[in-house]
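Below is one structure, written out as structure tokens, with a few remarks after it.
Note that the structure is predicted; figures quoted are calculated from it, not measured.
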Amino acid sequence: MKLLSAFAIGLLFGCGILISGMGDPAKVLNFFDVAGTWDPSLAFVMGGALLVTAIGYRLVFRMNAPLLAQGFTLPTTTDLDAKLIGGSAVFGIGWGLSGFCPGGLVPVLGLGMEPVLTAGAIVAGILTARWMIALGHRQQPAKA
């Protein structure tokens with residue numbers, strides 16, 4: 001049931017990405033080009049996503065547990081540290097250069113379109129980050 005639900009939710013998300021235009025790198029890059037060929041339409045897509053998320057969170061957290069899990073898994077840290085800020089900056093730079101964020105990239109790959117290099121770079125970035133985190137854990141002294 002979980003696998004079928006995940007598939008249906010992913011399919012809905014992917015269709016939304018494609019219908020909204022977020023799978024088109026030219027549209028995304030024009031959104032970032034405020035001084036040139038600015039296209040503000042994606043602001044409505046993101047605003048709509050924030051509105052749906054805000055309503056969804058209010059409804060979901062009234063429940064005792066999620067429908068398909070034992071409990072909610074929420075982040076416990078709220079610190080703005082160098083990893084969070086640096087990772088966000090790198091993510092934004094990659095999105096701005098390629099026109100693809102991972103959410104928009106996956107449905108486009110499913111259609112057999114061309115952003116394979118971008119997908120490879122995202123995978124390489126994820127693997128590099130995991131390697132750096134593992135390296136950092138190995139170099140920290142043991143706590144007494």
Side-chain angles (χ1 to χ4, degrees), residues 1-36 38-58 60-61 63 65-144:
M1 183 65 175
K2 281 185 183 182
L3 188 60
L4 183 60
S5 296
F7 178 78
I9 292 166
L11 186 63
L12 178 66
F13 178 78
C15 288
I17 289 284
L18 294 174
I19 290 168
S20 70
M22 290 192 77
D24 178 4
K27 188 168 187 71
V28 173
L29 292 173
N30 283 336
F31 174 73
F32 289 122
D33 189 8
V34 180
W38 187 51
D39 180 0
S41 63
L42 289 186
F44 294 104
V45 172
M46 290 185 237
L50 287 172
L51 180 66
V52 169
T53 299
I55 293 168
Y57 267 87
R58 290 204 174 263
V60 165
F61 285 128
M63 300 167 51
L67 295 175
L68 299 173
Q70 297 296 321
F72 293 105
T73 306
L74 301 171
T76 56
T77 58
T78 57
D79 300 338
L80 293 177
D81 60 1
K83 284 188 339 185
L84 177 67
I85 293 169
S88 299
V90 170
F91 177 89
I93 291 167
W95 188 11
L97 289 173
S98 71
F100 287 110
C101 77
L105 180 66
V106 173
V108 173
L109 281 173
L111 293 176
M113 297 172 92
E114 58 189 74
V116 175
L117 183 61
T118 303
I122 289 173
V123 170
I126 291 169
L127 294 175
T128 301
R130 287 184 177 182
W131 173 74
M132 290 173 69
I133 290 168
L135 187 66
H137 287 299
R138 276 187 260 153
Q139 292 180 350
Q140 290 180 359
K143 293 181 183 178

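- Checked against salt bridge (Lys or Arg N to Asp or Glu O under 4.0 Å), Asp39 has the following partners two or more places apart in sequence or in another chain: Lys27.
- To the nearest 0.5 Å, the span separating NZ on Lys2 from CG on Leu67 amounts to 11.5 Å.
- The number of heavy-atom neighbours closer than 6.0 Å to CG of Leu3, taken from other residues, nucleotides and ligands shown, is 12 or below.
- Within 6.0 Å of CE in Met1 there are 12 or fewer heavy atoms belonging to other residues, nucleotides or ligands.
- Pairs passing the side chain to side chain donor-acceptor pair (under 3.5 Å) check and including a residue from residues 3-25, sequence neighbours excluded, do not occur.
- Applying the 6.0 Å contact sphere to CZ of Phe61 captures more than 12 heavy atoms from other residues, nucleotides or ligands.
- With hydrogens and angles disregarded, no donor-acceptor distance shorter than 3.5 Å links the side chain of Asp33 to the backbone of Leu29.
- Annotation: side chain of Phe32 is not in contact with side chain of Trp38 (no heavy-atom distance under 4.5 Å).
- Counting only residues at least two apart or in different chains, side chain to side chain donor-acceptor pair (under 3.5 Å) contacts with residues 123-135 are absent.
- When all heavy atoms of Trp95 and Met46 are compared, the closest pair comes out as CH2-CE, 4.4 Å.
- To the nearest 0.5 Å, the span separating OG1 on Thr53 from CZ on Arg58 amounts to 13.0 Å.
- Note: Thr78 OG1 to Leu84 CG = 10.5 Å, rounded to the nearest 0.5 Å.
- Considering CG of Leu42 and CZ of Phe44, their distance stands at 10.5 Å, rounded to 0.5 Å.
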